[in-house]
Protein chains: 2
Amino acid sequence: MKEIKILLVDDHKLIRDGIKSIINTTNNIKVVDECSNGREAIDYLGKNANEIDLILMDITMPEMSGIDATEIIVKLYPKINILALTMHSEEAYIMKMIKAGALGYILKDSGREKLIDAIKTVYRKEKYYSNEVSIKLINVLLNEDKIVEPVLSDREIQVLKSITNGNTNREIAKELYISDRTVESHRRNIIKKLNLKNTAELVKYALSNGLV
Amino acid sequence: MKEIKILLVDDHKLIRDGIKSIINTTNNIKVVDECSNGREAIDYLGKNANEIDLILMDITMPEMSGIDATEIIVKLYPKINILALTMHSEEAYIMKMIKAGALGYILKDSGREKLIDAIKTVYRKEKYYSNEVSIKLINVLLNEDKIVEPVLSDREIQVLKSITNGNTNREIAKELYISDRTVESHRRNIIKKLNLKNTAELVKYALSNGLV
DNA sequence: TTTTTGCTACGTATTTATACCGATATTGAA
DNA sequence: TTCAATATCGGTATAAATACGTAGCAAAAA
């Protein structure tokens, strides 16, 4: 049986060391290299793409997130399979990562066996979602309302970012060269789309669900 | 040389497995057991305190945080040394953990060697702070303004929590059985203490600095 | 004991945000 | 090509937040 060659992408060295230590004591699987963010991973693949079968990809990282990196990598190197390995169990992250092209999604509170299982599955180009993840996904599907997932437009994201930075409608208006009434409309639409109540909740939601 | 017996407290199994895998390949150090949150750790120590020399403690965990658990454990079992092992490099977390009684503080982006070094140091009842942590702490000390660290009162924390949950002054007033004018005062004082601008910024600050 | 801090609360005024409404122009998808 | 979504802006009105000042009372600290 051929050895599965893995690239490990996570911003915490101790986590990388730990995962590596788990994987490298398993037959036929080997971590051949590691990167600490998405940008590094892409640079690495530019030279060593042939050395890698599968990428274990964290999501929240400095420089470039795992979502952005995954999107790019699946286009450039379709042979390489990506397994998301993260502590985020929020639907928004899961959906984004899957849409970006990750074949599997496993949480950091899984055990060693599940990790190995997930790696082997994704290596065969089959999908793998850990239990909690599957349940979340099914919930999304069962919820007719949420099937039209509340995706914010580019403009709305811009406004939302500015809001989380503490700017008022008027300030955002200046920043984006539009009327403060328009900003107001955007703010209202965002709150409505996400089914929220006010700006405080909005900021909380945005920060804890990775919208910004 | 006597073996260092460690209790590992972290909510992510894969992280525990990884750390365990790192530590258990080192001589004279052994992870004898693990818990997935602060509450579990305290329950465990209730029966097995004598088996443990040192605790590797994560901060953000469900049920009970590492900060609360540390505070309790150092009182109940002063012989057990606690080394904080977390990905949070924010001053607020560091200060809280040290004040709670942790002897050391090391980040998850440290390497294997630093972890082992930290464990051995804390086992000798000496303090250990990783580089980034030391720098943060020194910055706090050098900053005369920040030496009077903006600590919120219990009441202010209550109000802040409610604000981040999207409640208005009036709703918070009902919740806490006080006047909405009082809530208003609290809100104003909090924003002033933290040198912020408005509620949006306040929510962001609270969430990203672990104030709630 | 004096001082400070925290919690409480009100007055007045201004600024922002929210809730409705409606409108137009553009664009991409069905 | 019709339709839905997006982005733009306005009117009117209320609700909420922010600014600034004041002040009593209890508890803790100096």
Side-chain angles (χ1 to χ4, degrees), chain A residues 92 95-96 99 144-207 211-212, chain B residues 92 95-96 99 144-207 211-212:
Chain A
M95 293 299 290
K96 279 186 185 174
K99 283 191 176 171
E144 287 290 340
D145 301 331
K146 284 187 180 171
I147 214 172
V148 190
E149 41 157 340
V151 182
L152 302 184
S153 68
D154 293 349
R155 201 54 158 174
E156 285 167 340
I157 296 282
Q158 276 185 307
V159 172
L160 181 50
K161 274 188 187 173
S162 200
I163 290 174
T164 60
N165 284 332
N167 294 321
T168 64
N169 287 338
R170 205 167 293 172
E171 290 166 336
I172 300 172
K174 264 192 179 174
E175 191 182 320
L176 300 180
Y177 301 102
I178 54 179
S179 160
D180 54 332
R181 307 308 304 278
T182 305
V183 179
E184 194 185 309
S185 293
H186 285 311
R187 190 192 213 108
R188 207 185 344 168
N189 289 333
I190 299 170
I191 290 178
K192 199 177 178 187
K193 270 190 183 177
L194 302 178
N195 198 26
L196 301 173
K197 192 176 165 191
N198 53 29
T199 302
E201 246 194 342
L202 177 59
V203 172
K204 182 185 181 183
Y205 187 92
L207 292 180
L211 293 188
V212 290
Chain B
M95 292 299 290
K96 280 185 185 173
K99 283 189 178 172
E144 286 291 340
D145 301 332
K146 284 186 180 171
I147 214 170
V148 190
E149 40 159 341
V151 183
L152 303 183
S153 69
D154 292 351
R155 200 54 157 173
E156 286 167 340
I157 294 282
Q158 276 186 306
V159 172
L160 182 50
K161 273 188 187 172
S162 200
I163 289 174
T164 61
N165 284 332
N167 294 321
T168 64
N169 287 337
R170 205 167 293 173
E171 290 166 335
I172 300 171
K174 264 192 181 174
E175 191 183 319
L176 301 180
Y177 301 102
I178 54 180
S179 161
D180 53 334
R181 309 307 304 278
T182 305
V183 179
E184 194 185 308
S185 294
H186 285 311
R187 190 191 212 109
R188 206 186 342 161
N189 290 333
I190 298 170
I191 290 179
K192 198 177 177 185
K193 270 189 183 178
L194 301 177
N195 197 26
L196 300 173
K197 191 175 165 191
N198 54 29
T199 302
E201 247 194 341
L202 177 60
V203 172
K204 182 184 180 183
Y205 186 93
L207 292 180
L211 293 187
V212 291

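A note on names: the letters A, B, ... follow the listed sequences, proteins ahead of strands, and every chain is numbered from 1.
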Next on the checklist: Whether the side chain of B:Asn198 engages the backbone of A:Gly166 through a donor-acceptor N/O pair (distance < 3.5 Å, no angle test) should be reported.
Outcome noted: yes
Checklist entry - Between D:dT8, C:dT12, C:dT8, which one does the side chain of B:Arg181 approach most closely? => result C:dT12
Checklist entry - Which part of the nucleic acid does B:Thr168 contact within heavy-atom distance under 4.0 Å: base, sugar-phosphate only, or nothing? => result sugar-phosphate
Next on the checklist: Which nucleotide wins on minimum distance to the side chain of A:Ile178, given the candidates C:dT8, C:dT18, D:dT8?
Outcome noted: D:dT8
Item to check | Rounded distance (Å) that lies between atom P of C:dA19 and atom CG of A:Leu196 | outcome: 11 Å
Next on the checklist: Taking the nucleotide of DNA chain D with the nearest heavy atom to each, does B:Thr199 or B:Ser185 sit closer to the 5' end?
Outcome noted: B:Thr199
Next on the checklist: With a cut-off of less than 4.0 Å, is there a side-chain N or O of B:His186 near OP1 or OP2 of C:dC7?
Outcome noted: no
Checklist entry - Please give, in whole Å, the distance from D:dA16 P to B:Leu202 CG? => result 18 Å
Next on the checklist: In this structure, how many angstroms lie between the P atom of C:dC20 and the CG atom of A:Asn189, rounded?
Outcome noted: 13 Å
Checklist outcome for this item: Between B:Asn198 and B:Tyr177, the residue closer to the 5' end of DNA chain C by nearest nucleotide is B:Tyr177
Next on the checklist: Check this for me, if you would: do B:Glu184 and B:Arg187 make a salt bridge, where the nitrogen-to-carboxylate-oxygen distance has to be below 4.0 angstrom?
Outcome noted: no
Item to check | Minimum-distance nucleotide (side-chain atoms of B:Glu184 versus D:dC20, D:dA7, C:dC7) | outcome: D:dC20
Next on the checklist: I need the minimum non-hydrogen distance between A:Val203 and B:Ala200, along with the two atoms involved.
Outcome noted: CG1-O, 3.6 Å
Item to check | Atom-pair distance (CZ on B:Arg187; P on C:dT8), nearest Å | outcome: 16 Å
Checklist entry - Expressed in angstrom and rounded to an integer, what is the separation of A:Leu194 atom CG from C:dT18 atom P? => result 13 Å
Checklist entry - Does a nitrogen or oxygen in the side chain of A:Lys197 sit under 4.0 Å from OP1 or OP2 of C:dA19? => result no
Checklist entry - Would you say the side chain of A:Arg170 and the base of C:dT14 hold a donor-acceptor pair, judged only by whether the two atoms sit under 3.5 Å apart? => result no
Checklist entry - Within a radius of less than 6.0 Å around NZ of A:Lys197, do more than 12 heavy atoms belonging to other residues, nucleotides or ligands occur? => result yes
Next on the checklist: Expressed as a whole number of angstroms, how long is the span from A:Ile157:CD1 to D:dT6:C1'?
Outcome noted: 14 Å
Checklist entry - Roughly how many Å is it from CD1 in A:Ile191 to P in C:dT16, rounded to a whole number? => result 17 Å
Item to check | B:Thr182 side-chain N/O to C:dT8 phosphate OP1/OP2 under 4.0 Å | outcome: no
Checklist entry - Between A:Arg188 and A:Asn169, which is nearer to the 5' end of DNA chain C once each is assigned its nearest nucleotide? => result A:Asn169
Item to check | d(CG, A:Asp180; C1', C:dT15) in whole Å | outcome: 12 Å
Next on the checklist: Check this for me: does any side-chain nitrogen of one of B:Glu175 and B:Lys161 sit under 4.0 Å from a carboxylate oxygen of the other?
Outcome noted: no
